[in-house]
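Have a look at the structure below before the remarks.
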Amino acid sequence: MRLIFGLLVMAVWAAGQGHQATPLPRQQPTEDPAAVERGQALFKSSCGFCHGDDATGARAPDLLRSPVVLRDDGGNLLGPTIRNGRPDKGMPSFTTMKDDQIAAIVAFLHHQANLALHSNRVARDYPLARLLTGNAQAGKAYFDGAGGCSGCHSVTGDLAHIAKKYSPIELQQHMVYPSGNDVSKTATVTLKDGTEYRGKVVHQDEFNIGLMCDDGWYRSFRADEVKISEKDPLEAHRELMRKYTDADIHNLFAYLESLK
Amino acid sequence: MIKYPRACVCGSVLMLFAAILCLAADGGLDPQVLLKPLGKDWPTYNGDYSGKRYSSLAQINQTNVRKLTLRWILQAQSVGIKSAPLMVDGRLYFTTPDNVWAADARTGEIIWHYYRESQGDHIGNRGVGMYHDWLYFETPDCHLICLNAKDGKVRWNIELADPKLGYFSTMAPLIIRDHVIVGVSGDVTDIPGFLESVRPEDGKVEWRWNTEPGVGEPGSETWPRSGDAILHGGGMTWMTGTYDPGLNQLYWGIGNPNPVLNGKIRPGENLYTCSIVSLNPDTGKLNWHFQVSPHDTHDWDATQTPVIFDDEYQGVHRKLLAQASRNGYFFVLDRTTGEHILTKPFIYTDWAKGIDSRGEPVPNPEKEPTPDGTLVSPGSDGATNWMAPSFDPETKLFYVSARRLWSIFYMTAEGKPEGWAGRDRNLWANSVVEAIDYQTGDIRWKHEIGDGEGSAGMLTTAGKLLFTADNSDNLLALDPATGETLWHVNLGGKMLGAPTTYELDGKQYLLTPTSNVILAWGLPEE
């Protein structure tokens with residue numbers, strides 16, 4: 001029962017999230033890291049020359065796309081393929097290879113195939129070295145000049161030590177668009193009798209507006225019965241998205257990343 | 001299989017008579033019926049072959065839409081419903097991954113429920129196809145299952161493609177005369193896509209059209225000569241296509257190439273990925289193609305409905321095809337020949353250098369994903385996506401659920417890219433219903449539906465109504481000429497499919513799949 005429930009929850013989540021939540025086409029158990037490491041060394045010495053050290057193909061086929069690997073279950077297909085080879089097609093037979101060696105190679109190949117399946121992950125710990133391609137000096141110039149950032153921010157004030165607050169990829173994202181920060185739209189709602197309510201916009205559609213008012217109360221109003229004046233603090237960041245070049249972004253990032 | 005007691009159907013002679021009228025002699029759904037424009041039933045995924053999702057029913061109209069009231073609610077106890085329920089002979093047939101239901105269209109009572117647990121991607125299912133008394137259903141493990149419409153019993157079950165290689169399926173099969181047209185889905189593995197026609201009686205394959213040309217065939221020059229890129233090029237057939245019976249042409253939108261975000265190992269335009277293609281449904285032979293995203297590196301599949309309609313275009317009567325594509329551009333083609341007529345963005349896009357002489361956007365290589373990130377509009381979720389569009393022949397406007405969507409694209413691959421080989425991270429999105437004038441590509445009106453990504457499709461009717469939902473779960477009835485809201489109600493959940501409509505016993509029903517519930521609306525009894 002519990003398992004079914006878990007699957008359902010996963011499926012609900014997948015349905016809501018579109019591609020982002022794509023489950024794997026098959027549930028490959030995570031391989032024993034020690035076996036993977038041994039397998040990698042063995043693969044490099046016995047197979048890498050033809051299939052590439054990372055198994056993505058060289059003289060011989062890419063094994064991460066190979067049906068033999070993708071359909072294999074614990075060596076049931078790979079074992080015989082390695083043992084027997086395909087001598088007529090250029091794949092030698094490895095008759096003397098020991099069971100545990102084959103098992104290690106199998107673990108390595110499954111591990112590599114799994115990496116490919118997960119290649120759509122841009123994790124929180126995405127390496128700084130990949131992001132740090134810009135010029136901090138040019139970033140500073142843009143910050144103080146064309147970007148108009150210093151109109152709202154200061155590197156010794158609100159953005160001081162910003163690089164300590166976020167992992168590199170998070171910093172880049174928050175710099176371009178600070179979503180997830182607690183910065184909501186605010187609005188002033190004026191009733192027909194002139195009463196005004198001010199607060200954070202918590203709900204808004206064409207029919208209703210809901211405010212968390214400055215006095216701590218939630219209030220909801222029919223949009224056609226009141227006057228609404230809104231302020232969106234992130235408007236400037238949305239406008240910037242049309243203005244930046246990617247080089248501007250990388251330079252700015254290099255600059256902000258230096259603010260440890 | 002779970003059996004429900006058959007709902008008590010009062011045997012009114014009138015109902016029986018109506019049922020016989022819309023059926024062929026041998027019962028169920030005669031494919032001949034599908035050749036007619038959409039009437040009282042809703043017999044295919046898009047209602048009819050055209051993909052217009054325009055119903056000639058007008059009992060519910062601008063003068064009375066404010067009176068709409070709930071007829072019944074069906075709780076499917078499942079994941080969100082993304083399918084279009086078929087309505088044939090007083091019965092509804094709808095799906096979620098692994099599940100098919102038959103329900104009484106008058107009461108919403110479930111008649112039978114078929115369940116088959118499977119491995120594979122459960123991202124969504126668009127519904128069943130129907131041929132006489134048989135239903136066709138695709139599964140997350142990429143099987144095609146034929147069921148008896150009467151009781152949900154399995155007639156046969158075949159594997160379309162190996163799920164261990166990463167195949168799954170989502171689309172609603174399309175019946176064309178004696179052909180069941182089926183497509184496949186895939187995502188994280190580098191596998192080739194295809195479209196197949198199988199025999200309704202036993203699932204035997206009649207033809208297969210591969211979305212990548214064979215090595216040496218025309219189109220193969222758009223892939224690198226050496227290496228295995230063309231054999232692993234993606235191009236899935238996620239969504240149900242359209243069909244012109246007069247021209248006997250089948251139109252299909254083809255998915256994105258693989259590896260998804262990394263084009264370095266597949267230099268070239270990568271036909272027929274991200275293309276609209278026309279095939280002969282009897283042979284699977286390609287008539288023409290038009291590529292909406294040459295050499296895609298942003299996951300912008302071109303699987304959005306290729307809607308077909310006939311109209312004057314600059315004084316000449318033409319057979320047209322239009323698509324509002326995930327890449328942010330609206331295209332109009334002559335569907336007889338594939339000749340290009342119009343290309344125009346329907347949201348702000350920044351990834352193309354221009355439009356070439358063929359009418360195809362020219363991708364700017366600088367906007368490809370990079371290790372340090374590239375800011376692109378739209379993000380990979382697209383300027384639109386699976387949400388069904390609609391074309392209203394009275395207003396002559398094309399309606400689409402559009403998104404303004406910014407995202408940073410990263411290329412993660414080190415060494416040879418495999419699978420996605422990258423990913424984008426969304427920054428900000430908001431959504432808008434747009435009415436596009438197909439003559440010029442101009443946006444005639446816009447109706448904002450709120451922050452986030454819209455998920456609901458469109459329905460237009462002869463009652464001069466456009467039904468859809470906003471991002472706050474409101475069902476909206478809009479004036480298709482102006483975009484003005486005529487009526488709304490909060491559904492209490494997200495609409496992931498599209499509204500549909502049918503008429504039974506002289507009463508028009510409006511169906512709104514909402515989260516895992518179907519709500520049926522109608523006018524109050526006199």
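Residue numbers begin at 1 in each chain, while the letters A, B, ... track the order of the sequences.
- Across B/Gly450, B/Ala421, B/Ser515, the residue that shares the most heavy-atom pairs under 4.5 angstrom with chain A is B/Ala421.
- Between B/Leu427 and A/Ser179, the closest side-chain pair of non-hydrogen atoms is not below 4.5 Å.
- For B/Leu476, the part sitting under 4.5 Å from any heavy atom of chain A is the side chain, from C-beta outward, and nothing else.
- Of the two parts of A/Arg242, the backbone and the side chain both hold a non-hydrogen atom closer than 4.5 Å to a non-hydrogen atom of chain B.
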Going through the distances and angles, do B/Ile408 and A/Tyr177 end up as a side-chain contact (heavy atoms from CB on, under 4.5 Å)? CA-CA 10 Å; B/Ile408 302 185; A/Tyr177 197 70; over 6 Å; no
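- For B/Asn516, no part lies near chain A; criterion is any non-hydrogen pair under 4.5 Å.
- Taking both residues in full, the closest heavy atoms of B/Trp420 and A/Ser119 are given as N-OG, 3.1 Å, listed atom of the first, atom of the second, then distance.
- Here the OG1 atom belonging to B/Thr485 is positioned 3.5 Å from the CD atom belonging to A/Glu206, to the nearest 0.5 angstrom.
- Contact count against chain A (heavy-atom pairs under 4.5 Å) is highest for B/Gly422 among B/Gly415, B/Gly422, B/Pro140, B/Gly227.
- Contact of B/Glu366 with chain A is made through the backbone alone, with heavy-atom distances under 4.5 Å.
- If you measure heavy-atom distances from B/Asp350 to chain A, you find no contacts under 4.5 Å at all.
- Interface summary for chain B: among A/Thr56, A/Leu64, A/Thr133, the most heavy-atom pairs under 4.5 angstrom belong to A/Thr56.
- Residue B/Glu159 places its CD atom among more than 12 non-hydrogen atoms of other residues, nucleotides or ligands, all under 6.0 Å distant.
- Atom CD of A/Glu37 is surrounded by 12 or fewer heavy atoms from other residues, nucleotides or ligands within 6.0 Å.
- Only the side chain of B/Ile265 comes within less than 4.5 Å of a heavy atom in chain A; its backbone stays farther off.
- No more than 12 heavy atoms of other residues, nucleotides or ligands sit less than 6.0 Å from atom NZ of A/Lys44.
- Heavy atoms from other residues, nucleotides or ligands lying under 6.0 Å from OH of A/Tyr218 number more than 12.
- Using a 4.5 Å cut-off between heavy atoms, A/Tyr244 touches chain B through its side chain atoms alone.
- B/Asn385 does not touch chain A: none of its heavy atoms, backbone or side chain, sits under 4.5 Å away.
- A salt bridge links B/Lys367 with A/Asp246; the closest basic N to acidic carboxylate O contact falls under 4.0 Å.
- Rounded to the nearest 0.5 angstrom, A/Asn120 CG and B/Asp187 CG are separated by 7.0 Å.
- Rounding to the nearest 0.5 angstrom, the gap separating the CD1 atom in A/Ile249 from the CG atom in B/Leu375 is 4.5 Å.
- Among the candidates B/Gly419, B/Pro97, B/Gly373, the residue making the largest number of heavy-atom pairs closer than 4.5 Å to chain A is B/Gly373.
- For A/Arg130 (side chain) and B/Thr412 (main-chain N/O), a donor-acceptor pair under 3.5 Å exists by modelled atom type.
- Put simply, of A/Asp205, A/Leu115, A/Val176, A/Leu132, the one with the most heavy-atom pairs under 4.5 Å next to chain B is A/Asp205.
- Side chain of B/Arg425 to main chain of A/Gln173: no donor-acceptor pair is present (N/O by atom type, distance under 3.5 Å, no hydrogens or angles).
- Without hydrogens or angle criteria, A/Gln172 side chain to B/Asp372 main chain gives a donor-acceptor distance under 3.5 Å.
- Looking at A/Leu234 and B/Trp428, their side chains never come closer than 4.5 Å, going by heavy atoms from C-beta outward.
- The backbone N or O of A/Arg65 sits nowhere less than 3.5 Å from a side-chain atom of B/His232 that would complete a donor-acceptor pair.
- Interface remark: B/Pro417 contributes backbone atoms only to the contact with chain A (heavy atom separation under 4.5 Å).
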Taking it one step at a time, do A/Gln112 and B/Glu418 satisfy side-chain contact (heavy atoms from CB on, under 4.5 Å)? CA-CA 10 Å; A/Gln112 290 296 96; B/Glu418 313 254 354; over 6 Å; no
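- Using a 4.5 Å cut-off between heavy atoms, A/His203 touches chain B through its side chain atoms alone.
- Aromatic ring pairs are classed by plane angle as parallel below 30°, tilted from 30° to 60° and perpendicular above 60°; the pair B/His488 and A/Phe207 is parallel.
- Proximity to chain B (any heavy atom under 4.5 Å) is shown, for A/Ala55, by neither the backbone nor the side chain.
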